[in-house]
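What you see below is based on every heavy atom in this structure, not just the backbone, and it leaves out hydrogens, waters and symmetry mates.
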Amino acid sequence: MYSLKHNEDEARERLQAFWEGSSLGRPALQVVVSKPDYEPKLWEGPEADLKELELTPEWQAIQAVNAVEGVQWLAEAMPGYTVNIGQYLPLLALLVGGDYDHPKDENGKPMLGTAWLKLLEDVLERPLPAFDAASEFAARVSEVIHGVGRTLEGRAIVSQPVWIDPLTTLSSFRGVAALCADLIERPAQVEQWLEAATTLELEANEHFYQACLPYGQGECLSWLGIMAEGRMDSVQCDFSIMMSPDMYEQFYMPTLRRQTAYFDYSIYHLDGDPCMRFLDQIASSPGLNALQYTRVAGCEYPGRCLDDCVTVREKGLAVMVHCLSVEEAIEAVKHVGPDGLFIWLPPFKSQAEAEEAIDQITVASA
């Protein structure tokens, strides 16, 4: 049990119901309340580049404390911290010898919140990627996990870093136009690299998952704000918007099938209606439990977005949707139904406001 979560047993039951495509009378809900009087802890250690700080256990521990203590965790929101290196983007890239950078503000200082992978144009000419648990970078990630774990143990979940898929990582290395040409001109070489990178990802994930185990009960968090009891991550392919369904099948589906077979639970991060053309392929992946539907520009809400969510449910997948207000959440419940539905809501200003929202959504679910 975690000291920062007061309705943990109920939350676990509702989350498990979501993963199984059902509910306990209302959808699972991500509800947090901002603490207006919370004063974030500040880093008082030596100044360093942000990339160096992200691999410093003490700095990451402060980020973790601010993340879990800065809000109240209500409904199915679970207190926890996903180790964050480069805003969740470069983990695979760094393990295969790539690099990244943070954009700079007007004063030339790196900004926490986003990152960009650097080109590695000769990546396909290099030796195939392989995971080395003894490498300096892997060891430093493990040290960060242990530092965060010692800080949060007994209070909140500690979860390993999340992943960007091999194909999207490769597109960042090669550049989008160059990779599009690669898919046509040297597909076998691309497929070989993707297979090796997928193996690296799964082996590394297991290594970092084992590092987290001493500090909790084996749960995982996704950057999407959802917990599962076991190995779990969001799976995705941002590069898919550039591909036809046939190319998606050839170059991405082998990775997706291996990922969903490995994880105990998995949720697909879909970039809205433009990527619904891949839904049949996604739904066919063994072990996939759910799909997170991202609202994109030009997609009417609640209209087309929620129609797509109904289609996802008809394929046998649970669905997660981000709602910007309680009114939108009620529309989602009425349109999709409470079973197999997870609704993310923005932070509330008070516990009373949050509890009223939960009550309203519960009534709408009846």
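- Side-chain contact, Asp308 with Tyr293: a donor N or O sits under 3.5 Å from an acceptor N or O.
- Between the side chain of Arg231 and the backbone N or O of Cys220 there is no donor-acceptor pair closer than 3.5 Å.
- Trp19 has its ring centre less than 6.0 Å from the ring centre of Tyr265.
- Arg277 and Ser244 share no donor-acceptor pair across their side chains, judged by distance under 3.5 Å alone.
- Residues Leu152 and Tyr2 are members of separate hydrophobic clusters, defined by side-chain heavy-atom contacts under 4.5 angstrom among Ile, Leu, Val, Met, Phe, Trp and Tyr.
- Looking at every heavy atom in both residues, His335 comes nearest to Val310 through O-CG2, 3.5 Å.
- Between the side chain of Trp163 and the main chain of Leu202, no donor-acceptor pair closer than 3.5 Å is present.
- Remark: Arg313 does not engage Asp339 in a salt bridge, criterion side-chain N to carboxylate O under 4.0 Å.
- Without hydrogens or angle criteria, Tyr209 side chain to Gly218 main chain gives a donor-acceptor distance under 3.5 Å.
- Trp73 and Met227 fall into different hydrophobic clusters, where Ile, Leu, Val, Met, Phe, Trp and Tyr residues are linked whenever their side-chain heavy atoms come under 4.5 Å apart, directly or through other members.
- Listed for the Asn7 side chain is a donor-acceptor partner under 3.5 Å among the backbone atoms of Ala75.
- Defined by atom type and a distance below 3.5 Å, a donor-acceptor pair is missing between the side-chain atoms of Trp223 and Thr82.
- In the hydrophobic cluster analysis, where Ile, Leu, Val, Met, Phe, Trp and Tyr join through side-chain heavy atoms closer than 4.5 angstrom, Leu119 is grouped apart from Trp116.
- Results of the side-chain hydrogen bond (donor to acceptor under 3.5 Å, both in side chains) test with Glu54 over Gln60, Arg140, His102 single out His102 as the only residue that passes.
- Side-chain atoms of Thr198 and Thr255 form a donor-acceptor pair, as typed in the model, at a separation below 3.5 Å.
- At a cut-off of 3.5 Å, with distance as the only test, no side-chain donor of Gln292 or Gln236 sits close to an acceptor on the other residue.
- Heavy atoms only, all atoms of each residue included: Gly287 and Ser266 are closest at O-OG, 3.7 Å.
- A donor-acceptor pair under 3.5 Å is formed between the side chain of Asn66 and the backbone N or O of Lys41.
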